[in-house]
Amino acid sequence: MFDLSLHGIAHSNIINFGLMVALFVLIFLKVNVKGKVDEAHSKQKQIIKDSEAEKERSIFELKGIKESVKNLSAELEKITNDGKEIISNLKKLTKSELEEIEESFKKSAARIFGVQEENAKHETKNLLAKKGLEIAEEKLKNTLKSDKKLHKKFINDAINELDGIEIK
């Protein structure tokens with residue numbers, strides 16, 4: 001009835017099933033399947049929580065956009081009406097009034113250009129003076145390097161001038 005030989009035991013379904021169950025139990029214990037399932041579950045819960053928060057934020061933004069769109073048509077209408085009013089006022093102006101406005105614009109532009117021209121001249125003068133001083137300084141340095149007697153004379157003259165200053 002039961003074959004207790006090694007060959008019979010290896011081919012027995014009951015023993016193979018028992019070994020398989022024992023192997024699975026060992027694997028589940030080693031791998032900590034419950035911990036991994038709990039970890040995956042908590043990650044999914046966090047993802048759902050984050051998506052809910054994002055959904056709420058998006059809904060809030062959508063409400064703000066809807067409000068601004070409602071106000072947009074009123075603002076557009078106000079701008080259109082203001083433009084029509086300006087055009088209407090311009091049409092009412094006489095030719096002499098328009099010429100006065102034009103002359104005023106021309107005078108303002110001329111004053112602005114004059115000020116800008118003076119600023120440009122002033123900046124150019126300053127730049128030229130600065131460059132001239134730099135060139136003169138470089139020439140003086142080169143001259144003093146090449147002529148040691150002149151260099152000593154400048155030093156002695158400076159010392160003599162310092163001797164003549166009274167200190168109080």
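Predicted model, so just to flag it, every value in this text is computed and none were measured. Positions are given from 1 along the sequence.
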**Prompt:** CG of N81 to CD of E77: how many Å apart, nearest 0.5 Å?
**Reply:** 5.5 Å
**Request:** Would you check if there is a donor-acceptor pair between the side chains of D50 and Q46 at a distance under 3.5 Å?
**Result:** yes
**Asked** Distance only, no hydrogens: is a donor on one side chain within 3.5 Å (strictly under) of an acceptor on the other, for H151 and D147?
**Response** no
**Asked** Taking atom CG of L140 and atom CG of L133, what is their separation to the nearest 0.5 Å?
**Response** 11.5 Å
**S42 OG to D38 CG distance, which is reported to the nearest 0.5 Å** = 7.5 Å
**Request:** Flag yes if I27 and V25 sit in one hydrophobic cluster, no otherwise; membership is Ile, Leu, Val, Met, Phe, Trp, Tyr, and two members link when side-chain heavy atoms are under 4.5 Å apart.
**Result:** yes
**Prompt:** So do K131 and E134 actually touch side chain to side chain, heavy atoms under 4.5 Å?
**Reply:** yes
**Asked** Would a 4.5 Å heavy-atom cut-off, applied to side chains only, mark N126 and K130 as touching?
**Response** no
**Prompt:** Given E118 and K121, is the side-chain contact (heavy atoms from CB on, under 4.5 Å) satisfied, shown in steps?
**Reply:** CA-CA 5 Å; E118 287 300 315; K121 285 179 183 178; 3.9 Å; yes
**Message:** Less than 4.5 Å apart, side chain to side chain, heavy atoms only: is that true for F113 and Q116?
**Reply:** yes
**Message:** Rounded at 0.5 Å granularity, tell me how far CG in N16 sits from CG in L23.
**Reply:** 11.5 Å
**Complete:** The residue among E56, E52, R57 that forms side-chain contact (heavy atoms from CB on, under 4.5 Å) with E54 is R57
**Request:** Run the numbers on R111 and S108 for side-chain contact (heavy atoms from CB on, under 4.5 Å), then give the verdict.
**Result:** CA-CA 5 Å; R111 271 185 291 196; S108 294; 3.3 Å; yes
**Request:** Would you check if S104 and K107 make a side-chain contact, meaning some heavy-atom pair closer than 4.5 Å?
**Result:** no
**Message:** For the NZ atom of K153 and the CG atom of N160, what is their distance to the nearest 0.5 Å?
**Reply:** 10.0 Å
**Prompt:** For K139, does its backbone N or O pair with a side-chain atom of T143 as donor and acceptor, under 3.5 Å?
**Reply:** yes
**Message:** Starting from V21, can I reach F24 by hopping between I/L/V/M/F/W/Y residues whose side chains sit under 4.5 Å apart?
**Reply:** yes
**Item:** Shared hydrophobic cluster for F105 and I86 (ILVMFWY, side-chain gaps under 4.5 Å)
**Value:** yes
**Asked** Just how far is it from atom CG of L19 to atom CD1 of I14, taken to the nearest 0.5 Å?
**Response** 12.0 Å
